[in-house]
Chemist: 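Input: one structure, supplied below.
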Amino acid sequence: MTLPPAGKNSAEHVAAGAERRWATVSLVILLLLVVMAAIAGAHQAIMPQAKVETVDPRSLHISGEFTEGNLGSALQPDGSVMVRAIGQQYSFTPQCILVPKDTPVTIRATSADVVHGFLIENSNVNLMLVPGYISTASTRFSRTANLTMPCHEFCGVGHEGMWGRIQVIDKAAFLKLAANQRRLSCVAQ
Amino acid sequence: MLHNKRLILAHFWLAFGGFGFALLLGEWQMYIRSPLHAWIGDPELYYRSVTAHGTTMAYVFPTLVAMAFGYAVAEASLGRPLIGRRWAWVGLALVAIGTVTAIVPVSLGVDSVLYTFYPPMVGNPLYYIGLVLVVVGSWVWVVLMSVNLYMWKRANKGVPVPLAMFATVAGSLLWGWTAVGAALELLFQIIPSALGLTNTIDAGLSRVLFSWTLHAIVYFWLMPAYIAYYTIIPRAIGGRLFSDPMARLSFAMFLVVAMPIGVHHLFADPEVGAGFKFLHSVFTALVALPTLLTVFTICASVEIAARLRGGRGVFGWMKVLPWQNPMMLALAFSFVMLGFGGAGGLINMSYQLNASIHNTQWVTGHFHLIFGGAIVIMYFAIAYDIWPHLTGRALNSYRLMRIQLWIWFVGMMVLTIPWHFVGILGMPRRMAFYDYTNPALASQADSVIMSVLGGAILVVSGAIFLTVLVRGHRALRVEPGEYRFSVAVHQPRTMPAALNGLGLWFGLMLALTIVNYGFPIAHLMSLPSTSVPVIHIDAAR
């Protein structure tokens, strides 16, 4: 019996070839995933906030954009809606956020004390609220609905009770309300 | 052969004892927040339990398993007694003392901050100091692994370092460096606050520092499992390792790219900009590569075992595999769970998909499947494989081992699949209570009950596991012989320097850390007035 020749057809060579092919396939799969993520990002399907913004939680109630009278939903000159909210142990302000359907919505939120979460059920809005920093998200709701908005980060022993709500209403109804009030919410309902 | 049997056994028993205790807590938590139980009354008890469960399962248990297995690999693969035996006992003592120091205040309810800390909430300093002791104890092991490798290489010039030792040192270096992030957070931010020396803290910076540790720690947990895939399984099932250099390349890649990718845990955070989130997302994709290479090499090695047993056909060889062998069974279950968990991981890696599941029950489901499933089942396999070499007694309750592994696999699936599912529905994680009468949550009730059942199955499996090990101490004396590792099809006689040591890869890891973390950390430190008031949770009670 003769030994298989070294070189092109040796077992070692065959094994190395199989490895190389598999490594190539693996790399192509991963490259494809990265390119998909980049394209989705470039088309603004959903993107993380571009820059880091800070705010002092000790003076939220005194000055700046998160004073009490400025919280809630505001109709912007360009027709979009700006929502400002804060989280604190163990509630959100406003506790019920009112937004119109089929309208670009920008959310700006922060925390007054510890780290909180800000998640809107059945949507892509999913933020961390870190005291000292402002979190932002852009979204659009395509259906009228009553949605839950839990805090999803442990924030102390009352964490399990920190559930806000969000109400998506018809655009016309929202515009009607916005004509009379500078800031809207659905806390009273 | 193994010289320091008592040292290794002490590590294993401390690890598995903690595991058994934390397993019970985990199931209690599942039950208490499910529809099967009414409002708990004092929610702090739940968070106290989560803190103890997480601390034990994430920090103490896997660290001790890695240390035990590392010492065993060092002695068996290098073929000489461990250098620094006394230091190893000191390391173990530090881990044990640290664990007790941390768990006592947690049990008293003055440190219910969860094991991920969450400043500006700060608890009693003893918890954090205990954790630092655990890490310092493990760093003794990190140093000993490198020292033992270095001394062996000096005495064996030109001989390839055994693969098992190469991989173990890679894992130890990964841990040594990745623990630095949380250590910085604890030493410079949290402990001064907890002691009352400072009254403000930069919560954003501490999240970034924690993310430095948080992701690579998962790969540190994973290392013993991967070392078992490559160096134990092929030997245990009567096969050969397909490729030795490829295995080294995978471990080297884990060392380099597992570490500087933690910002993908901060996709939804405001303190890191979009650019670095994207960069870390790309590197996270890259870390899937060594896993894909591993899957290939191990499947090929298993196929070799099957062909040696006379297996034929494209898929027919699978039938002749030694399915009666617990090691074969553990590997198969581990790979299935790694497949599901890995696919979930690719979803978490993408910013866009992550937005729908970030911080929901999906995430808890995900890491229980990967760690508790794919990795811990290999810890069981390692223990079963090595036990006779430690006790000098037979471990032959094979039927019980098979039952235990089957139950763990089934339990983990029943636990985690519904857990992932409720996460997609938007269920937030880590709450002491869910109001299942709320129409928005009512549909999640049945899935949560299934998870409770899965947890109960895991408790049974955990009890059987401990029973098998205890029986191993009372069985008949045997001479187990050398503790051996797999042999490659083409066992290398020489090895390029890059794959015979870890200097190059460790250097690359440090460089990549500076690139990927340097700017975000420097940026946050340069921002004025990001420090916020500390909130002491132990003072409130």
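Quantities reported herein were computed from a predicted structural model and do not represent experimental measurements. Chain letters run A, B, ... following the sequence lines, proteins first and then strands; every chain starts at 1.
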Chemist: Most heavy-atom pairs under 4.5 angstrom with chain B, which of A/Cys155, A/Gly161, A/Ala16?
Modeler: A/Cys155
Chemist: Quick check on B/Met427 against chain A: is it the side chain, the backbone, both or neither that has a heavy atom closer than 4.5 Å?
Modeler: neither
Chemist: Under 4.5 Å heavy-atom distance to chain A, tell me which part of B/Val113 shows up: side chain, backbone, both or neither.
Modeler: backbone
Chemist: Under 4.5 Å, counting heavy-atom pairs only, tell me which of B/Asn354, B/Leu293, B/Leu114 racks up the most with chain A.
Modeler: B/Leu114
Chemist: Give, as side chain, backbone, both or neither, the part of B/Pro245 having an atom under 4.5 angstrom from any heavy atom of chain A.
Modeler: neither
Chemist: Over 60° means perpendicular and under 30° means parallel, so tell me whether B/Tyr47 and A/Phe154 are parallel, tilted or perpendicular.
Modeler: tilted
Chemist: Contact part of B/Thr200 toward chain A, heavy-atom cut-off under 4.5 Å: side chain, backbone, both or neither?
Modeler: side chain
Chemist: Would you say B/Gln189 and B/Phe210 make side-chain contact, with heavy atoms under 4.5 Å?
Modeler: no
Chemist: I'd like to verify something: which residue of B/Tyr118, B/Tyr351, B/Phe278 has the highest number of heavy-atom pairs under 4.5 Å with chain A?
Modeler: B/Tyr351
Chemist: Any idea which of A/Gln89, A/Glu121, A/His159 has the most non-hydrogen atom pairs under 4.5 angstrom with chain B?
Modeler: A/His159
Chemist: For chain B, find which of A/Gly156, A/Gly117, A/Gly158, A/Ser111 contributes the most heavy-atom pairs closer than 4.5 angstrom.
Modeler: A/Gly156
Chemist: Quick check on A/Thr148 against chain B: is it the side chain, the backbone, both or neither that has a heavy atom closer than 4.5 Å?
Modeler: side chain
Chemist: Give, as side chain, backbone, both or neither, the part of B/Leu527 having an atom under 4.5 angstrom from any heavy atom of chain A.
Modeler: side chain
Chemist: Answer yes if the side chains of A/Arg183 and A/Asn70 hold a donor-acceptor pair under 3.5 Å, and no otherwise.
Modeler: yes
Chemist: Between B/Leu346 and chain A, which part of the residue has a heavy atom less than 4.5 Å away: side chain, backbone, both or neither?
Modeler: side chain
Chemist: Verify the neighbour count for atom CD of B/Gln491: are there more than 12 heavy atoms of other residues, nucleotides or ligands below 6.0 Å?
Modeler: yes
Chemist: With a 4.5 angstrom heavy-atom cut-off, could you sort out which part of B/Val272 is near chain A: side chain, backbone, both or neither?
Modeler: backbone
Chemist: Side chain from CB out, backbone as N, CA, C, O: work out which of these in B/Asn438 comes under 4.5 Å of a heavy atom of chain A, or both, or neither.
Modeler: side chain
Chemist: At a 4.5 Å cut-off on heavy atoms, which part of B/Ser112 comes close to chain A: side chain, backbone, both, or neither?
Modeler: backbone
Chemist: A/Ser123, A/Ala137, A/Ala18: which one forms the most heavy-atom pairs within less than 4.5 Å of chain B?
Modeler: A/Ala18
Chemist: Would you say the side-chain atoms of A/Tyr90 and A/Asp113 include a donor-acceptor pair closer than 3.5 Å?
Modeler: no
Chemist: Just give me the residue among B/Ala440, B/Pro439, B/Ala288, B/Pro428 that pairs up with chain A most often, heavy atom to heavy atom, under 4.5 Å.
Modeler: B/Pro428
Chemist: Output yes when A/Arg108 and A/Glu53 qualify as a salt bridge under the 4.0 Å nitrogen-oxygen rule, no when they do not.
Modeler: yes
Chemist: Can you tell which part of B/Ile40 gets under 4.5 Å to a heavy atom of chain A, answering side chain, backbone, both or neither?
Modeler: neither
Chemist: Mind ranking B/Ser281, B/Ala268, B/Ala300, B/Ala432 by heavy-atom pairs under 4.5 Å with chain A and telling me who comes out on top?
Modeler: B/Ala268
Chemist: Checking B/Leu289 against chain A: side chain, backbone, both or neither under 4.5 Å from a heavy atom?
Modeler: both
Chemist: Of the backbone (N, CA, C, O) and the side chain (C-beta and beyond), which part of B/Ser531 lies under 4.5 Å from a heavy atom of chain A, both, or neither?
Modeler: backbone
Chemist: Please flag which part of B/Leu266 lies under 4.5 Å from any non-hydrogen atom of chain A: side chain, backbone, both or neither.
Modeler: neither
Chemist: Counting heavy-atom pairs under 4.5 Å with chain A, which one of B/Arg429, B/Arg33, B/Arg207 comes out on top?
Modeler: B/Arg207
Chemist: Would you call the rings of B/Tyr436 and B/Tyr434 parallel, tilted or perpendicular if under 30° counts as parallel and over 60° as perpendicular?
Modeler: tilted
Chemist: Report which part of B/Leu524 has an atom under 4.5 Å of a heavy atom belonging to chain A: side chain, backbone, both, or neither.
Modeler: side chain
Chemist: Against chain B, work out which of A/Met36, A/Met162, A/Arg58, A/Lys51 has the most heavy-atom pairs shorter than 4.5 Å and name it.
Modeler: A/Arg58
Chemist: Assess the residue pair B/Phe433 and B/Tyr46 against the criterion (ring-ring contact (aromatic ring centres under 6.0 Å, His included)); give the C-alpha distance rounded to whole Å, side-chain angles, the decisive distance to 0.1 Å, and a yes or no.
Modeler: CA-CA 9 Å; B/Phe433 176 74; B/Tyr46 174 81; over 10 Å; no
Chemist: Could you have a look at B/Val532, B/Asn359, B/Thr530 and say which one has the most heavy-atom pairs with chain A under 4.5 angstrom?
Modeler: B/Asn359
Chemist: Return yes if a side-chain donor-acceptor contact under 3.5 Å exists between A/Thr93 and A/Gln88, otherwise no.
Modeler: yes
